[in-house]
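First comes the structure, then the notes that go with it.
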Amino acid sequence: MNSYPLFVSCPRGLEAILNQELVTLGCEQIHNRDGGVAVNGDLASVYRINLYSRVASRVLIRLSSGHFRHENDIYQQAKKINWPQWFDVNKNFKIHIEGKQAQINSLNFAALKVKDALCDVFRDTTGSRPSVEKFRPDIRIHVFIEKNELSIYLDSSGEALFKRGYRSDTGEAPLRENLAAGLLLLAGYNGSQPFMDPFCGSGTLAIEAALIATNTAPGLERSFGFENLHNYNDALWQQLRRAALAAKSQPQAPIFGADIDGKLIKLAQNNARYAEVDQYIEWQVSDALDTCPNGANGIMISNPPYGVRLSEIQLLHALYPQLGSWLKQHFAGWLIGMFSADREMPKLMRLSPKRKIPLFNGNLDCRLFLLDMVAGSNRQKEHKA
């Protein structure tokens, strides 16, 4: 089976977690990059990463990489690719381009050069050319220019991998599924510990926890871009899917999500039902400070609301000391993870994080604050005070 150079993208800050996943999936020549991991893998590896990775965003197959001096060099590099080897002329396509210190006047013009080359190769080979489709293309092509280096990739994922297929509606400020899974894995959650999210919103963290706890492959219920490629091996794909289905198991510990907004809890319940994990999650409409631990030595990961307007920020800053006291009073022995764009959060909670992990929620520069609630010590200090 042919081996391909791949780039597996992920949210920035999750490269090390993705690297660990790729090792367990049997990939080779794994190298961390900013925003992803470069790796070599065969067709089975491509399918496995799409099926099993909890933190990947896309699995891209590199078709070409090279140095360019002039815009015409971009056209020539793209024209050397045997496009009809990869997909049929009746498939429509879209080109996505990104640049980093790109030494070119216009990224859009560079994308146009790649499109022209692709269409010319098809016209020369088949006598016709494929159509461009902006919204739901069969084939996605990613072009990346760093300074004067050009790389062209074929997207094996199709829709981004964080789109698991279970989220009907997200409510405000959604947390992408692969970032939510990354927060859980960074905290060491493996399904053997009780889990809680007292600010659960539309339920993404609790649902991703349930998928981990039940050993459910996150890509089981969706389609992929590789199904539109000439080298698609349906027998191999169905074999991998059957193995993933057979590996599902029962959770070992309780999972709990709460939110003060009843509409969001209804939304979370719907999403959990679509993800086929609703029977494993207990939901509650309640203020975070009224919730209690659902077991001993658990893990709480939460993405509390963070304000944009000054009035919201002032309200939240008034909440944080209460949040800190509540954690100290009730959650001794737990690992607490708070994911926030507010750097002042731990100080205002009067707690010292053992780790501050930089991550991005979209373009928002955030931190995952991990706090060990040491059994006994906080209560004793409060009693002495």
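For the single chain, residues carry numbers from 1 onward in sequence order.
- Between the side chains of Ser340 and Asp342, no donor-acceptor pair of N or O atoms lies under 3.5 Å.
- Judged by distance alone, the side chain of Glu282 and the main-chain N or O of Pro254 form no donor-acceptor pair under 3.5 Å.
- Between Arg367 and Asp365, at least one side-chain N (NZ, or NE/NH1/NH2) sits under 4.0 Å from a carboxylate O, which counts as a salt bridge.
- When the shell of 6.0 Å around CZ of Arg176 is examined, it contains 12 or fewer heavy atoms from other residues, nucleotides or ligands.
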Open item on the list: If you apply the rule side-chain hydrogen bond (donor to acceptor under 3.5 Å, both in side chains), what do you find for Asn108 with Ser106, and how did you get there?
Closed with: CA-CA 5 Å; Asn108 287 339; Ser106 165; 5.1 Å; no
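- A donor-acceptor pair under 3.5 Å is formed between the side chain of Asp73 and the backbone N or O of Arg69.
- Tracing side-chain contacts under 4.5 Å through hydrophobic residues (I, L, V, M, F, W, Y), one reaches Ile301 starting from Tyr189; they form part of the same cluster.
- Taken together through direct or relayed side-chain contacts under 4.5 Å among Ile, Leu, Val, Met, Phe, Trp and Tyr, Val8 and Leu60 form parts of separate hydrophobic clusters.
- The structure places CE of Met196 at 12.5 Å from CG of Leu205, a figure rounded to the nearest 0.5 Å.
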- [ ] Dump the intermediate steps for side-chain contact (heavy atoms from CB on, under 4.5 Å) on Lys328 and Leu351, then the final yes or no.
- [x] CA-CA 9 Å; Lys328 284 186 259 191; Leu351 293 167; 3.9 Å; yes
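- Ser9 places a side-chain N or O within 3.5 Å of a backbone atom of Arg58 that can act as its donor or acceptor partner.
- Listed for the Asp287 side chain is no donor-acceptor partner under 3.5 Å among the backbone atoms of Ile260.
- Shown here for Asn361 and Cys366, the closest heavy-atom pair between the two residues is CB-SG, 3.9 Å.
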- [ ] Could you walk me through whether Asn231 and Tyr4 pass the side-chain contact (heavy atoms from CB on, under 4.5 Å) test, one step at a time?
- [x] CA-CA 12 Å; Asn231 66 356; Tyr4 306 106; 3.2 Å; yes
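- In this model, no donor atom of one side chain and acceptor atom of the other lie less than 3.5 Å apart for Arg62 and Ser151.
- A distance of 10.0 Å separates CZ in Arg48 from CG in Leu43, rounded to the nearest 0.5 Å.
- Side-chain contact between Glu227 and Asp234 is absent, with no heavy atoms from C-beta onward closer than 4.5 Å.
- At a threshold of 4.5 Å between side-chain heavy atoms, the hydrophobic network of Ile, Leu, Val, Met, Phe, Trp and Tyr places Leu245 and Tyr166 in one connected group.
- Using a 4.5 Å heavy-atom threshold, the side chains of Pro11 and Leu359 count as separate.
- Separating the CZ atom in Arg12 from the CG atom in Asp34 is a distance of 5.5 Å, to the nearest 0.5 Å.
- By the criterion of side-chain heavy atoms lying less than 4.5 angstrom apart, applied directly or through intervening Ile, Leu, Val, Met, Phe, Trp or Tyr residues, Leu183 is grouped together with Ile207 in one hydrophobic cluster.
- Counting heavy atoms from C-beta on, the side chains of Leu327 and Met300 come closer than 4.5 Å.
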- [ ] Walk me through it: do Arg167 and Thr204 pass the test side-chain hydrogen bond (donor to acceptor under 3.5 Å, both in side chains)?
- [x] CA-CA 8 Å; Arg167 205 148 73 171; Thr204 308; 3.0 Å; yes
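- Inspection of the Asn92 and Ser131 side chains reveals no N or O donor paired with an N or O acceptor under 3.5 Å.
- Annotation for Arg343: atom CZ counts as buried by contact number, over 12 foreign heavy atoms lying within 6.0 Å.
- By the 6.0 Å contact criterion, CD on Glu28 is open, its count of non-hydrogen atoms from other residues, nucleotides or ligands being 12 or less.
- In this structure, the side chain of Ser53 does not engage the main chain of Ile49 through any donor-acceptor pair within 3.5 Å.
- A distance of 6.0 Å separates CG in Asn105 from CD in Glu71, rounded to the nearest 0.5 Å.
- Judged by distance alone, with hydrogens and angles left aside, the side-chain atoms of Trp283 form no donor-acceptor pair with the main-chain N or O of Lys266 at under 3.5 Å.
- Checking side-chain atoms of Asn19 against main-chain N and O of Glu15 turns up no donor-acceptor pair under 3.5 Å.
- Counting heavy atoms from C-beta outward, Gln269 and Ile265 have side chains that approach closer than 4.5 Å.
- In terms of heavy atoms, Ser156 sits closest to Ile61 at CB-CD1, 4.2 Å.
- Expressed to the nearest 0.5 Å, how far CG of Asn190 lies from CD of Gln252 amounts to 7.5 Å.
- Listed here is the closest heavy atom pair of Ala206 and Ile281: O-CD1, 3.7 Å.
- In this structure, the side chains of Trp86 and Ile141 stay at 4.5 Å or more apart for every pair of heavy atoms.
- In this structure, Tyr75 has its ring center no closer than 6.0 Å to that of Phe68.
- Taking hydrophobic clusters as Ile, Leu, Val, Met, Phe, Trp and Tyr residues chained together by side-chain heavy-atom distances below 4.5 Å, Leu63 does not share a cluster with Phe7.
- With hydrogens and angles ignored, the 3.5 Å screen pairs a side-chain donor or acceptor of Asn228 with a backbone N or O of Asp138.
- If you run salt bridge (charged side-chain N to carboxylate O under 4.0 Å, His left out) between Arg164 and each of Glu276, Glu208, Glu177, only Glu208 comes through.
- Closest approach of Phe87 to Leu229, counting heavy atoms only: CB-CD2, 4.5 Å.
- Counting only distance, with no hydrogens or angles, the side chain of Trp83 and the backbone of Val89 share no donor-acceptor pair below 3.5 Å.
- For the residue pair Asn233 and Tyr47, no side-chain donor N or O sits within less than 3.5 Å of a side-chain acceptor on the partner.
- Of all non-hydrogen atoms in Tyr52 and Ala243, the two that sit nearest each other are OH-C, 4.2 Å.
- Ionic pairing of Asp155 and Lys94 is not present here: no N-O contact between side-chain nitrogen and carboxylate oxygen is shorter than 4.0 angstrom.
- With a 4.5 Å cut-off on side-chain heavy atoms, Phe369 and Ile336 do not count as touching.
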Task: Audit row: Phe360, Leu179, side-chain contact (heavy atoms from CB on, under 4.5 Å) steps and yes/no - done: CA-CA 9 Å; Phe360 281 83; Leu179 178 55; over 6 Å; no
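- Note on ring orientation: taking the six-membered ring where Trp is involved, the planes of Trp237 and Phe226 are perpendicular (angle over 60°, cut-offs 30° and 60°).
- Within the model, atoms CG of Leu323 and CZ of Arg350 stand 12.0 Å from one another, a figure rounded to the nearest 0.5 Å.
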TODO: Run the numbers on Asp120 and Arg123 for salt bridge (Lys or Arg N to Asp or Glu O under 4.0 Å), then give the verdict.
DONE: CA-CA 5 Å; Asp120 287 350; Arg123 201 179 278 112; 3.1 Å; yes
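- When side chains are defined from C-beta on, Phe195 counts as touching Leu184, because their heavy atoms get closer than 4.5 Å.
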Open item on the list: Under the criterion salt bridge (Lys or Arg N to Asp or Glu O under 4.0 Å), I'd like the reasoning laid out for Glu159 against Arg222: C-alpha separation, chi angles, the key distance, then a yes or no.
Closed with: CA-CA 9 Å; Glu159 290 278 10; Arg222 52 160 284 166; over 6 Å; no
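- Of all the heavy atoms in Ser57 and Asn178, the pair that sits closest is OG-ND2, 3.1 Å.
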Task: Stepwise side-chain contact (heavy atoms from CB on, under 4.5 Å) check, Gln329 with Trp326 - done: CA-CA 5 Å; Gln329 188 177 351; Trp326 166 71; 5.8 Å; no
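- Under the 4.5 Å side-chain criterion, counting only non-hydrogen atoms from C-beta, Leu51 is in contact with Leu220.
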